[in-house]
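Accompanying notes for the structure given below.
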Amino acid sequence: RQALSLPPPEGQALLDRLENVPPQSLACLVSYIPDLKGVIDAPPDSTEAATPAIAVMHALRAMNPHPLCVIVEDVDQQPEDDLAHLLNSVVDLRHVVLAFSQELPDPALFVRPRLATKHVAVALRPLTKDDVRKLLADMLTQGEARVRELAGELHGKTDGIPGHLLELIFELHGEQIIAYDTAEAQWRWDLDQVRSHYFSNNSSDRIRKQLDTLPGTTRDALVWAAAIGEEFSGALIGALLKDDGRSPEAGESDAASVLRPAVTAALIRPAEGGSAQSDSHYRFSHPRIRALLYASQPRDDKPRRHERITRALKSLRPRSGSGVMQLADHLNAAVNFLDANPDERADVAYHNLLAARAALTQGRFQVAYKYARCGLAVAGRDADGAVALELSECAAEAAFLCGDFHQLYRVIRETRSPSSVIDEVRVRAAAVQNRLSEAQALGEAALKRHGAHLPARSDGAGSIAVRRTLHRLGRWPRR
C-alpha cells in the first residue's frame, strides 16, 4: 500500500510491473490487497488463484527495484517448507531484506551454501526504558517527555521484552485505557488505570518477585485474601489480621493501608463500585495470582484458615445473600465431615440451608441445589428433623426450577417426612410435563393427607376444588 502511494514515475512503473504478473498470482494478490482492484486491471473473479507462496514470489519480483523489508514473526511456529520457499525466492533479490524473529536461533535454516554468507544473526536484548520511551513517542506521535511516565509503567510490567510490551499495549488499547481521541485528534491514556492494570501474560516467576517486594503484613493479608476467594472485603481482612498473632497491630480500621502496596503493584484492585479508601471490597487482578498464593500454603493449614475465616464472618454477622453463601462455603471447606461431631454437622447443615434459601431468592437455582444437597450429605442420620426437611424442600424446589426432574425425583424418594412443599412440587412437576391426570391425582391425595375435604362429584367440580384449594394455600400460581 505504501508503494502504491509513490509519486507518478515510481508508482506507475510499479503498477506496470504488477499488471505483468501472471493472472493467477494477481488474483491471489487482489484477494489479500483489495486496493489493487481500483488501480490495475484485475483478472476476472472466475480466475483460479495461485497459491500464496507463488503469488508472493511474483509480487517480490515486481517490486524490484523498490526497496522492501519483509518481516516474518514467530518463525519457530511457521512450516519449514514455507520458510524454505520464501528463502529460495528472495536469495537473489538485491532489493529485499528478509527479517526473521524467533525465540531460539535455528542454524539449520541457513546451512545451504547460497544462504550461509547472506545472513546475520542479531541477539535482541530486552528494551530499556529509553527504548520504550522512543517507541511510544513514535507510536503515539508525542514528545518523549510526554510519554515518560507511561513508558516507565509499561517497562516495569513487561521487563522490556518486546513481544510482551506489544501485547500489553494491545491489551490497554483494547480496553480503551490507551485510545485515540477523535475530538482532540491525538492519543490519550489514563495513567492510573495503566498502573492498576494487571498484564495477563505475567509468568508465575514474575508474580513471585512482585509478592517478594511487598511488606510482610501485606503478604499475610494477601494469603488470607486468597483463602477467602476471588473477591474479599477490607473489613474481613482487618478482622483476620487483628486476630492473627503475626500481625497484632493490624485491625479493621487500617485494612486499606495494609492492602495499598498490593493495589499499587496491581496485584489486587477495588471491586466494581468499591473504593480503596474505606471499608471496601477488592478482587484479585487475575485468577493466577490467587491460585499461586493459595497453592503456596501447606495442605494441613488450609482447613484451619477456613475455620478462622468462618469465625471472623460470624463475628461480622453477614446479612446479605452473598455473605451467607460465603460463610457456608468456608464452613464446608473447614470441616472434615469424616471426623466432625454431631454439633459441627448440625451447624454446617444449618448454614447450608441459609445459603440455599439465599440462592433461591436470587434466582440461582443450581447453586441453591448444591448447597441443599451438601447440607443433606453433611447432616446424615444425625440431622435435626426440621433442618433436614427444609433442606429437602429447598433441594426439590431448586431442582424443579432448574428443570432437572431426575434430581427432583431423587430428592422426593429420599425425603422421609411428609411435606406440603414436596407435595406441591410433585404436582407442579407432573403438570409442567403435561401429565395432568397424574397431577390431579397427586393433588387430591396431598389435600386429603393434609386434611382438606373434597366434594365427591364426577362433573369436574372435584378438579376445580383441587385448584381452588391449592390456590387458597397460596401455592398455585393464578392464571
Side-chain angles (χ1 to χ4, degrees), residues 222-240 243 252 255 268 270-274 279-284 287 290-291 293-294 302-337 340 343-380 383-384 386-404 407-408 411 421 425:
L222 289 182
V223 171
W224 281 115
I228 294 169
E230 289 293 336
E231 189 169 322
F232 52 95
S233 72
L236 180 54
I237 291 294
L240 289 166
D243 189 43
E252 180 176 345
I268 61 173
E272 194 67 28
D279 175 22
S280 54
H281 281 73
Y282 301 83
R283 66 180 300 108
F284 284 98
R290 184 209 169 204
L293 283 163
Y294 192 67
K302 292 175 182 178
R304 288 193 291 271
R305 284 189 177 274
H306 289 291
E307 193 271 334
R308 288 271 304 281
I309 293 170
T310 298
R311 291 207 312 265
L313 283 170
K314 287 182 177 180
S315 70
L316 295 174
R317 297 181 180 180
R319 297 181 179 180
S320 66
S322 59
V324 170
M325 288 186 279
Q326 185 183 39
L327 177 54
D329 288 335
H330 288 291
L331 264 174
N332 294 337
V335 175
N336 183 344
F337 301 140
D343 289 340
E344 290 175 328
R345 287 177 175 271
D347 187 47
V348 175
Y350 174 70
H351 283 90
N352 273 279
L353 173 60
L354 297 181
R357 287 175 178 170
L360 278 174
T361 303
Q362 296 177 9
R364 301 171 63 186
F365 305 128
Q366 290 183 335
V367 175
Y369 181 80
K370 183 199 75 170
Y371 284 122
R373 289 299 302 179
C374 183
L376 287 169
V378 173
D384 178 273
V387 172
L389 182 58
E390 289 191 60
L391 283 166
S392 296
E393 291 172 347
C394 283
E397 188 172 355
F400 171 75
L401 293 171
C402 288
D404 191 339
Q407 296 297 337
L408 168 61
V411 173
V421 175
V425 173

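Quick note: numbers below take in every heavy atom, side chains included, and nothing from hydrogens, waters or symmetry partners.
Closest non-hydrogen pair, Ala355 versus Val324, comes out as N-CG1, 3.6 Å. A pairwise comparison of heavy atoms in Thr310 and Ala334 identifies OG1-CB, 4.5 Å as the closest pair. For Gly375 against Leu391, the heavy-atom pair with the smallest separation is C-CD1, 3.6 Å. Of all the heavy atoms in Lys370 and Asp329, the pair that sits closest is NZ-OD1, 4.1 Å. Heavy-atom minimum distance, Ala239 versus Ala312: CB-CB, 4.4 Å. Here the closest heavy-atom approach between residue Ile228 and residue His330 is recorded as O-NE2, 3.2 Å.
Note that the NE2 atom of His306 and the NZ atom of Lys302 stand 7.5 Å from one another [nearest 0.5 Å]. Here SG of Cys374 is found 12.0 Å from CG of Leu353. Values are rounded to the nearest 0.5 Å. To the nearest 0.5 Å, atom CG of residue Leu313 and atom CD of residue Gln326 are 5.0 Å apart. Atom CG of Leu222 is separated from atom CZ of Phe284 by 5.5 Å, given to the nearest 0.5 angstrom. In this structure, Arg290 CZ and Glu231 CD are separated by 12.0 Å, a value rounded to the nearest 0.5 Å. For the atom pair Ile237 CD1 and His281 NE2, the distance stands at 11.0 Å (nearest 0.5 Å).
For Lys314, the side chain to side chain donor-acceptor pair (under 3.5 Å) partners are Asp347, not counting sequence neighbours. Residues satisfying the side-chain contact (heavy atoms from CB on, under 4.5 Å) test with Asn336, not counting sequence neighbours, are Leu338, Asp339.
Within the 4.5 Å cutoff, the side chain of Trp224 has heavy atoms near those of the Ile309 side chain. Here the side chains of Asp404 and Gln366 are not in contact, with every heavy-atom distance at 4.5 Å or above. Here the side chains of Val411 and Arg373 are in contact, with some heavy-atom distance below 4.5 Å.
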Could you check Val223 against Arg305 for side-chain contact (heavy atoms from CB on, under 4.5 Å), going step by step and ending with a plain yes or no?
CA-CA 10 Å; Val223 171; Arg305 284 189 177 274; 3.5 Å; yes
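Ring-plane geometry between Tyr282 and Phe232 is classed as parallel, the angle between the planes falling under 30 degrees on a 0 to 90 degree scale with a further cut at 60.
Here Phe365 and Phe400 keep their ring centres 6.0 angstrom or further from each other.
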